[in-house]
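To keep things clear, I will list the structure first and then write my remarks on it.
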Amino acid sequence: MATVFPDLNWFQISKHHAAVHLMHQKNKNRIAGMLFALFASLSGFSQTSYSRAIAAHREEYKAEFLKSAKSPLKKEDLKNLHFYDPDSSYRVEATVQRTPNAEPFELPTYDGQKKTYVQYAVLAFQLKGKPYQLTIYRSLQLARLPQYRDYLFLPFKDATNGQETYGGGRYIDLRLGEIKNGKVEIDFNKAYNPYCAYSDGYACPIPPKDNHLAVAIKAGEKNYGKAE
């Protein structure tokens, strides 16, 4: 009976192929690791860049209190302004559903007055994987002033009110020019308190029931007061 010997040439070639395959696999793993590190680095850089942008926005916001004679805060009060840490997950893209035939209406304020607004659009967006809607308005009074002609007003309440944030709700400012191709960005990190959060005697619009969110918006300005 013939003795069967292994094909040594095939054996050597197989060893070579295995070594090449192993080398390729190591290279793939190394490249994958490098790409992961790069993406992680870019993500970290993006978040850092975003945090700096929000920090700059808040410094400008504080500076505005010192420019108006009607401001409720003085320079020494600014240290009592508090904010959530910047969180880009609270920056969302919304679909703008225009309401061009909306009639002007009187929006009540916390001091018992009323201000005339008109509904401009409904914003539909997703936050933390769930769908929500908010309505934006135009102030007919401000629309007469050139510097505020494109001003849009977004008042809202959420589950943090009365606990971590002002009980009367918060506001976000938008501009007509920010609406592009039927979309607009809502950045809750830029949500701010009405003057009523700092002092009585101001006509701060009350967020309509349609703009009450059943979710905690842990972004933007917190309660005013002494250091936490």
Side-chain angles (χ1 to χ4, degrees), residues 44-92 94 107 109-111 113 115 117 123 127 134 136-139 141-143 145-178 184-207 211 213 216-228:
F45 175 78
S46 177
Q47 181 61 40
T48 300
S49 177
Y50 176 71
S51 296
R52 288 175 180 169
I54 291 299
H57 171 82
R58 289 173 178 174
E59 288 304 311
E60 292 178 5
Y61 169 71
K62 292 177 183 179
E64 287 298 319
F65 284 104
L66 308 181
K67 296 179 181 179
S68 173
K70 297 181 180 180
S71 171
L73 302 181
K74 305 299 181 185
K75 186 175 182 179
E76 59 270 22
D77 300 319
L78 300 184
K79 64 181 180 295
N80 295 322
L81 295 175
H82 306 290
F83 306 87
Y84 288 99
D85 292 336
D87 184 346
S88 58
S89 68
Y90 284 101
R91 179 180 56 175
V92 300
L107 187 61
T109 67
Y110 282 113
D111 70 343
Q113 300 184 43
K115 292 188 174 183
Y117 284 84
L123 307 182
L127 181 65
L134 287 172
I136 50 176
Y137 306 91
R138 292 189 75 184
S139 165
Q141 181 180 2
L142 289 180
L145 305 175
Q147 66 270 36
Y148 293 111
R149 193 163 293 158
D150 65 342
Y151 174 80
L152 295 173
F153 180 53
L154 177 55
F156 71 96
K157 283 190 173 185
D158 68 276
T160 67
N161 297 154
Q163 300 178 49
E164 298 176 1
T165 64
Y166 175 58
R170 293 178 290 170
Y171 304 155
I172 293 176
D173 294 335
L174 295 172
R175 301 281 180 172
L176 288 172
E178 295 175 26
V184 71
E185 179 183 277
I186 305 174
D187 192 343
F188 289 102
N189 291 275
K190 296 179 179 179
Y192 65 93
N193 289 337
Y195 275 7
C196 297
Y198 315 118
S199 178
D200 295 330
Y202 290 94
C204 307
I206 302 173
N211 278 14
L213 297 174
I217 303 295
K218 293 181 175 290
E221 189 169 359
K222 292 183 174 182
N223 278 324
Y224 175 75
K226 294 182 178 180
E228 303 171 332

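Minimum interatomic distance between Pro207 and Gly168 (heavy atoms only, all atoms of both residues): CD-O, 3.4 Å. Of all heavy-atom pairs spanning Ala191 and Ala219, the tightest one is CB-O, 4.5 Å. Between Ala203 and Lys115 the shortest heavy-atom distance is O-NZ, 3.1 Å. In terms of heavy atoms, Ala94 sits closest to Ile186 at CB-CD1, 3.8 Å. Of all non-hydrogen atoms in Pro205 and Leu107, the two that sit nearest each other are CB-CD2, 3.6 Å.
Put simply, the side chain of Asp173 does not reach to within 4.5 Å of the side chain of Leu152, judged on heavy atoms. Side chains of Tyr110 and Ile206 form a contact here, defined as non-hydrogen atoms less than 4.5 Å apart. Side-chain contact between Glu185 and Arg91 is present, with at least one heavy-atom pair separated by less than 4.5 Å. Using a 4.5 Å heavy-atom cutoff, the side chains of Leu123 and Val184 are in contact.
In this structure, Lys222 is positioned above the aromatic face of Tyr84, its NZ or CZ under 6.0 Å from the six-membered ring centre and within 45° of the axis.
Note: Phe65 and Tyr61 meet the aromatic proximity criterion, with ring centroids under 6.0 Å apart. Remark: aromatic rings of Tyr166 and Tyr224 are distant, center separation not under 6.0 Å.
Note: Tyr151 and Phe153 have parallel aromatic rings, judged against thresholds of 30 and 60 degrees for the angle between ring planes.
The distance from atom CG of Asp158 to atom CD of Gln163, rounded to the nearest 0.5 Å, is 9.5 Å. In this structure, the separation between OG on Ser51 and CG on Asp85 is 8.0 Å, given to the nearest 0.5 Å. Between atom OH of residue Tyr195 and atom OG of residue Ser71 there is a gap of 4.5 Å, rounded to the nearest 0.5 Å. Here the OG-CG distance, from Ser199 to Leu73, works out to 8.5 Å after rounding to the nearest 0.5 Å.
For the pair Asp187 (side chain) and Val92 (backbone), a donor-acceptor distance under 3.5 Å is absent. Under the 3.5 Å distance criterion, the side-chain polar atoms of Arg170 are matched with a main-chain donor or acceptor of Glu221. Formation of a donor-acceptor pair under 3.5 Å by the Arg138 side chain with backbone atoms of Arg149 is found in this model. Between the Thr165 side chain and the Thr160 main chain, a donor and an acceptor come within less than 3.5 Å of each other.
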Inset, instruction - Applying side-chain hydrogen bond (donor to acceptor under 3.5 Å, both in side chains), run through Tyr50 and Asp87 and close with a yes or a no. - result: CA-CA 9 Å; Tyr50 176 71; Asp87 184 346; over 6 Å; no
Inset, instruction - Might you work through the side-chain contact (heavy atoms from CB on, under 4.5 Å) test for Leu154 and Asn211, ending with a clear yes or no? - result: CA-CA 9 Å; Leu154 177 55; Asn211 278 14; 3.9 Å; yes
Inset, instruction - Take Ile136 and Ile172 through the side-chain contact (heavy atoms from CB on, under 4.5 Å) test and state the conclusion after the steps. - result: CA-CA 9 Å; Ile136 50 176; Ile172 293 176; over 6 Å; no
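Under the 4.0 Å criterion applied to side-chain N and carboxylate O atoms, Glu59 and Lys62 are assigned as salt-bridge partners.
Of the listed residues (Phe188, Tyr171, Tyr192, Tyr137), just one forms a ring pair (Phe, Tyr, Trp, His ring centres under 6.0 Å) with Phe156, and that residue is Phe188.
No more than 12 heavy atoms of other residues, nucleotides or ligands shown are found within 6.0 angstrom of CD on Gln141.
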